[in-house]
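Please read the structure below before turning to the comments.
Only this structure's heavy atoms are used, side chains among them; waters, hydrogens and symmetry mates stay out.
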Amino acid sequence: MDTSGGNIEFENTATLTKNEDNQYIINWSSNLIFPELNNNYKVRVSAIQGKRGSLLDRNGKILAEQGIISKVGIVPGKLGENKDANIQKIANLLNVTVDTINSFLSSSWVKEDSFVPVKRISNDNIKEQLLKIPGVMIDSETDRVYPYKDVASHITGYISSITAEELEFMRNKGYTSSSVIGKTGLEKEYEERLKGTDGVRIYILDDQGNNVKTVAETFAQDGENIKLTIDVDIQLKIYEQLKNDEGFFVVMNPKTGEILALVSAPSYDANKFVLGMTNEEWDSLLNAEGNPLFTRFLESWCPGSTFKPITGAIGLTSGKLSVNDEFSYTGLAWQKDSSWQDHKITTLTAYSGKKNLRNALIYSDNIFFAQAVLKIGEDTFTDGLDKIKFNENISFDLPTSKSIYSNSENIASESILADSGYGQGQILVNPIHMASIYSAFANDGNMIRPYIEYTGSKEPEYLVQNAFSKEAADEIKEGLIQVVENPSGTGHDVKVEGVTIAGKTGTATASSGSANAWFVGFAPYDNPEIAVVCVIEHGGHGGYTAPVVKEVMEEYFGYNNKVDERLKMQSIDNLLVE
C-alpha cells in the first residue's frame, strides 16, 4: 500500500469459500487489512507537524518564526450580571463589533461553560485589560509571528491558508487543505525551503489501548532557517524616519552587494494575515491612504535627475561625450528646432560657469543632458542601457520589475530621447537595480550584484563587469562628490561633516502630475560601505529627501553632529550605533 506514512508491504492469505449460489466469497477478518489487526483492534493515524523555518536578520534577530500567539475567548456563563456591558468592553478592545461577538455566542454548540473563541491577537498590551473583564479567557497556541510587525513586512511577506486553486498545484508536494503557504515577500519566494514536512505514524492499538505495532512512519522535518543580509536595526531607524511619508529606501553595501535595508512606506502588520481579519479590517487595509500593501521598492519609477550620471557615463564610455564638451544655450528653456513644436526642455537653475559635464551634475542641468544624449545618439545610448541590464530581470530573490527606456521597442521620437537624457521621457528604473548601477561609480565601472540571503562572504560578485570604463566611473564619481560638497550643489543639504558623500538628487514627474523626490548616493566616497536609494513621493524637488538621507548617514557612521574617526575603521556589522 502507498500510504501517508510511506509504503507498506506484507504477504497475507485470504480464504475463499463457494456459497450456495456457486459464488466465491472471502472469509472476512480484520487481519486481512494488516496481519496484526484483530477484529477488536483499531488502526490509528497521527500527524506530527514539521516546524516552519525562521527568517533572521544578519545578526540573528528574528524577522519571522513559529511563536506563541493568544486566543481570546469568552465563557458565556461567567459574563456576569452586566453581560451586555462586558461584551461591549471586549468588542472595543478587540476592535470587533458586538454583533460579531453575539453571533459567536449564539452558535448551536455553545453552552454556559464553553470556551468560545472570538479573536487571535499578538498585542500583549491589551491582555491585562481583557482579563479584568468577567468571562474572558485567553489561551495560547503556536503560529507564525512577525516580531517587527510593519517595519519589515514588505520583506518577509506573510503566510495564510492555502486556497483551493493553490492546492490543485501543490497537493503532490505534501500540502493539504489545512496547510498554510507563503503569499508574498520572502515567505513566498523561499516557500519550499521554509515549509516543514509533516511526519505521519500509522499504528495498531489493542482493545486496551496498547500499541501493538507501528506499521508505517515518516518523521517530521523542520523547514530551513534562512539568514538575511538585512540589518533590522538600520531597517527600524529608516522606517521611523519614513513611516509618515509615502516612499521607499534601499540600503546596500556597494562593495559586496549585501542589501542592508528595504523600506516601503506606508506599511502593514503581517501578523494580521496570520491572526485573521474581519471584513471591515480587510476593507480598511485595502482602501487605506497610501496603499500600504504596495511594495514600492520592487516597482520601477521615473528617476528624474538621478539618471543624469548614467547618461554621462554611457557617453564617456562610448567616446561620444568628453569631459571637455561644452554646450551653448541661454536662459532656462531650450529646444533643438521648430520640429519639436511646443516641446521645450526646461531647467531650474542658471549658472555662470562652463556648461560642461561637471557643472551640469552640480547644478542638475536638464538642458545639458538633453543635448548630451542627442550627441551620444539613440543607438549608443540604448546599447549602453541594454548593457547595464535594462529590459531584463536582475535575478534578485524578490521579484523586481524591469528597468526600461521605452514603452515600445525603440525610443519613439527625438524629443523623447532628449527627455530621456535627464531621466524623464519613458525611463523607468527599479531602485534595487539603481543601487547596483551607482555601485559602478564606486567599483571602477563594475556593477555589484545585489543579494539578500546572507552568505558571510565579502567577495564581490558583479552583475555587469565593465558596465562603464574606469575613467568614466571616476569622472562621474568626482561630479557626484561635488553635488554634495559644493555649496551650490543640489545635494549639499545631505553633507555630513567628516564623511565625503557622493550622490545625486532628482525630481521626477509622475504620471499623476506630482513630483517625486529622489536621492541616490554612497559613502565614504573612497571606500564606500553604504549606498542609498531614497524616494519620497509627492516630495517635490530632490532636496526634500535631504533630512532623511542625512539622518541615515549620521546614524550609520555614528555621527551625532560630531565626527568619531574610530568608527570609520569598524566592520560593517558593528557600524550602527544605538
Side-chain angles (χ1 to χ4, degrees), residues 301-385 405-407 410-429 472 475-476 479-480 482-483 486 488-492 504-511 513-518 520 540-543:
W301 302 76
C302 175
S305 294
T306 59
F307 190 81
K308 291 171 181 175
I310 301 172
T311 300
I314 291 173
L316 293 175
T317 299
S318 66
K320 296 293 184 69
L321 189 69
S322 84
V323 294
N324 298 316
D325 281 342
E326 294 181 37
F327 296 119
S328 176
Y329 47 90
T330 58
L332 300 178
W334 172 85
Q335 67 174 188
K336 181 182 176 183
D337 53 42
S338 59
S339 66
W340 287 11
Q341 298 180 348
D342 294 333
H343 186 79
K344 291 185 178 181
I345 309 295
T346 60
T347 196
L348 292 176
T349 305
Y351 55 97
S352 58
K354 295 179 179 179
K355 291 181 172 57
N356 59 17
L357 178 60
R358 180 70 59 85
N359 283 333
L361 286 171
I362 294 171
Y363 295 99
S364 201
D365 185 347
N366 292 345
I367 297 174
F368 176 91
F369 284 99
Q371 293 193 8
V373 76
L374 295 178
K375 185 174 189 295
I376 293 166
E378 179 182 346
D379 289 344
T380 301
F381 180 62
T382 55
D383 286 348
L385 294 177
Y405 51 76
S406 174
N407 297 333
N410 300 305
I411 295 177
S413 68
E414 188 179 56
S415 61
I416 293 177
L417 175 62
D419 288 337
S420 301
Y422 57 94
Q424 291 287 162
Q426 296 173 351
I427 300 283
L428 297 175
V429 184
E475 178 60 33
I476 295 298
L480 295 177
Q482 291 306 311
V483 169
N486 191 311
S488 298
T490 58
H492 187 65
K504 184 73 185 74
T505 58
T507 305
T509 303
S511 57
S514 64
N516 298 332
W518 280 72
V520 185
H541 62 85

Between OG of Ser420 and CG of Leu374, what distance do you get to the nearest 0.5 Å? 10.0 Å
When rounded to the nearest 0.5 Å, the distance separating CZ of Phe327 from CG of Leu321 is 6.0 Å
Looking at Lys375 and Lys320, would you say the former's side chain and the latter's main chain have a donor-acceptor pair under 3.5 Å? yes
Within the distance-only criterion (no hydrogens, no angle test), does the side chain of Glu378 pair as donor or acceptor with the backbone N or O of Ile411 below 3.5 angstrom? yes
CG of Asp365 to CG of Leu348, rounded to nearest 0.5 Å, is 10.0 Å
With no hydrogens and no angle check, is any side-chain donor or acceptor of Thr382 less than 3.5 Å from a backbone partner on Asp379? yes
Considering residues, nucleotides and ligands other than Lys344, do more than 12 of their heavy atoms fall under 6.0 Å from its NZ? no
Flag the pair Ile427 / Pro303 as yes when at least one side-chain heavy-atom distance between them is below 4.5 Å, and no otherwise. yes
Contact check, side chains of Lys308 and Asn366, non-hydrogen atoms, under 4.5 Å: yes
Please check this pair: side chain of Asn359 against backbone of Gly353, looking for a donor-acceptor N/O pair closer than 3.5 Å. no
When rounded to the nearest 0.5 Å, the distance separating CG of Asn410 from CG of Leu417 is 11.0 Å
Under the side chain to side chain contact (heavy atoms under 4.5 Å, CB included) criterion, do Lys504 and Val520 qualify, and how do the steps go? CA-CA 5 Å; Lys504 184 73 185 74; Val520 185; 5.6 Å; no
Please find the pair of heavy atoms, one from Asp419 and one from Gly425, that lie closest to each other, and give the distance. CB-N, 3.5 Å
Please check this pair: side chain of Asn486 against backbone of Ser488, looking for a donor-acceptor N/O pair closer than 3.5 Å. yes
Lys354 to Tyr351, cation-pi by 6.0 Å centre distance and 45° axis angle: no
Is any side-chain heavy atom of Val373 less than 4.5 Å from a side-chain heavy atom of Phe369? no
Start with the C-alpha gap between Ile367 and Thr347, add the side-chain angles, then the distance that decides, and say whether side chain to side chain contact (heavy atoms under 4.5 Å, CB included) holds. CA-CA 6 Å; Ile367 297 174; Thr347 196; 3.9 Å; yes
Test your reading of the model: is there a side-chain donor-acceptor pair from Ser318 to the backbone of Gly315, 3.5 Å cut-off? yes
Is it true that, when you exclude Asp337 itself, more than 12 heavy atoms of the residues, nucleotides or ligands shown sit nearer than 6.0 Å to its CG? yes
Assess whether side chain to side chain contact (heavy atoms under 4.5 Å, CB included) is satisfied between Arg358 and Glu475, documenting all intermediate values. CA-CA 8 Å; Arg358 180 70 59 85; Glu475 178 60 33; 3.0 Å; yes
Is there a donor-acceptor pair closer than 3.5 Å between any side-chain N or O of Gln426 and the backbone N or O of Asn407? yes
For residues Phe368 and Tyr329, determine if any side-chain heavy atom of one lies less than 4.5 Å from a side-chain heavy atom of the other. yes
How far does NE2 of His343 sit from CD1 of Ile416, to the nearest 0.5 angstrom? 8.0 Å
About how many Å separate CZ of Phe381 and OG1 of Thr311, when rounded to the nearest 0.5 Å? 4.5 Å
Any side-chain heavy-atom pair from Gln371 and Trp334 closer than 4.5 angstrom? yes
pair Asn516-Cys302: side-chain heavy atoms closer than 4.5 Å: no
Side-chain heavy-atom pair Leu357, Leu316 within 4.5 angstrom cut-off: yes
Counting N and O atoms only, with roles assigned by atom type, does the side chain of Trp301 sit under 3.5 Å from a partner on the main chain of Ala508, one being a donor and the other an acceptor? no
Are a donor atom and an acceptor atom from the side chains of Ser364 and Ser305 found within less than 3.5 Å of each other? yes
Which pair of non-hydrogen atoms, one from Ala418 and one from Trp340, has the smallest distance, and what is that distance? CB-CH2, 3.6 Å
Going by heavy atoms in the side chains, are Tyr363 and Thr490 under 4.5 Å from each other? no
